[in-house]
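FYI, side chains are in, hydrogens and waters are out, and symmetry mates aren't considered; it's all heavy atoms of this structure. Each chain gets a letter, A, B and so on, in the order the sequences are listed, and its residues count up from 1. Just so it is clear, the structure is predicted and the values come from calculations on it, not from any experiment.
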There are 2 protein chains.
Amino acid sequence: MISLEQQKNPNPEDFPSELQGLRMTKQRREVLAVILAERDHPTANDVFSRAQDRMSTISLATVYNCLEALVSHKLVRQVNFERESSRYCPNLSDHCHFQDEESGKIHDVVFKEGVKLEDLLELPQGTEISHLEISLKGNFGK
Amino acid sequence: MISLEQQKNPNPEDFPSELQGLRMTKQRREVLAVILAERDHPTANDVFSRAQDRMSTISLATVYNCLEALVSHKLVRQVNFERESSRYCPNLSDHCHFQDEESGKIHDVVFKEGVKLEDLLELPQGTEISHLEISLKGNFGK
DNA sequence: GCCCAAATTTGGAATTATTCTAATTCGGGT
DNA sequence: ACCCGAATTAGAATAATTCCAAATTTGGGC
Ligand SMILES: [Mn+2]
Ligand SMILES: [Mn+2]
Ligand SMILES: [Zn+2]
Ligand SMILES: [Zn+2]
């Protein structure tokens, strides 16, 4: 059993045949490997072209199917900025996203330790949050 | 000079001919009035049909043009949830959005007083934030 | 008021990320 | 090896948004 969390160059072969209750098919394995291989935030198309390098027969529809399966089983995160195409993130730890307006690149931003959402927002009590997305845009000082 | 902030039934006629440096054309006035008339978060299409009630000749392209003009001049906020179509918000005060998963409706959520972003996030120093979007999903307790 | 250039509006076509469809292939269990 | 439900595939469909080029409206100068 491997730790997917911080492996540098994951070998798809090493993934168990099931993760989080999701059957690891050849294609899902490949898509997951592609995402885990880099610390960036590729679009579905990026994932598609990277996956094609090692599996030339994979289809874009399959990449979308795999991404949706991986996201719903919480093996990767989906990241949205305004109306841009979705991106996919290998980092499962609690974090949010900052887009550098100059390069368009997306960076992970970690929450300070011990901060709770209720400390920040006037939420009507009883509210249950199932999903939270924080997205920042800006630049790194002049 | 009127206060747009909390007017209940704004009369487009009352808007000055220029706001925030934006020329108030008939159509922009109408689109703005539609958005200010309710405290909800209509889509471009919602705005289009509401605007058509009083201005039957307005076109969807124009609604999109007007929305983009109003948003960029900060007379209206644009709100995004995942890949759903954009919504538009009349509330210019500092707040974020909660979507009730049962009804799909979007509610404004106010920030607690005195909380600063830097208190929450490990931002590399020097970072300048030009845009921030916080979106929550969930439900109101069982 | 009239004229002009510039800005805006308009209908329709184009774009494009994503989803859908229906047919084919795959794979684990027998 | 055979079966059956699940997964993959190519291609068509969808839908929000943007683009385009023509028509209209606008404000400013005369
Ligand atoms: Mn998300
Ligand atoms: Mn926004
Ligand atoms: Zn990330
Ligand atoms: Zn709002």
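- As rounded to whole Å, 11 Å separates atom P of C/dT19 from atom CD of B/Glu82.
- Nearest approach of B/Arg39 to B/Pro90, heavy atoms of both residues: CA-CG, 4.4 Å.
- Few gaps surround NZ on A/Lys112; more than 12 heavy atoms of other groups in view lie less than 6.0 Å from it.
- Using a 4.0 Å heavy-atom criterion, one finds that A/Ser86 contacts the sugar-phosphate atoms exclusively.
- Protein atom CE of A/Met24 is 10 Å distant from nucleotide atom P of D/dT8, rounded to whole Å.
- Atom CG of B/Leu70 and atom P of C/dT9 are 10 Å apart (whole Å).
- Nearest-nucleotide assignment on DNA chain C puts the 5′-proximal partner with B/Ser59, out of B/Arg83 and B/Ser59.
- At whole-Å resolution of the value, CG in A/Asn80 and P in D/dT17 are 13 Å apart.
- At the heavy-atom level, A/Thr62 lies under 4.0 Å from base atoms of the strands shown.
- In terms of heavy-atom proximity, A/Phe98 sits nearest to A/Asn139 at CZ-N, 3.7 Å.
- Backbone-only engagement by B/Ser85 is indicated by non-hydrogen atom pairs under 4.0 Å involving sugar-phosphate atoms exclusively.
- Residue contacts shown for A/Thr43 are absent, as no nucleic acid heavy atom lies under 4.0 Å away.
- The side chain of B/Gln27 contributes an N or O atom lying less than 4.0 Å from OP1 or OP2 of C/dT10.
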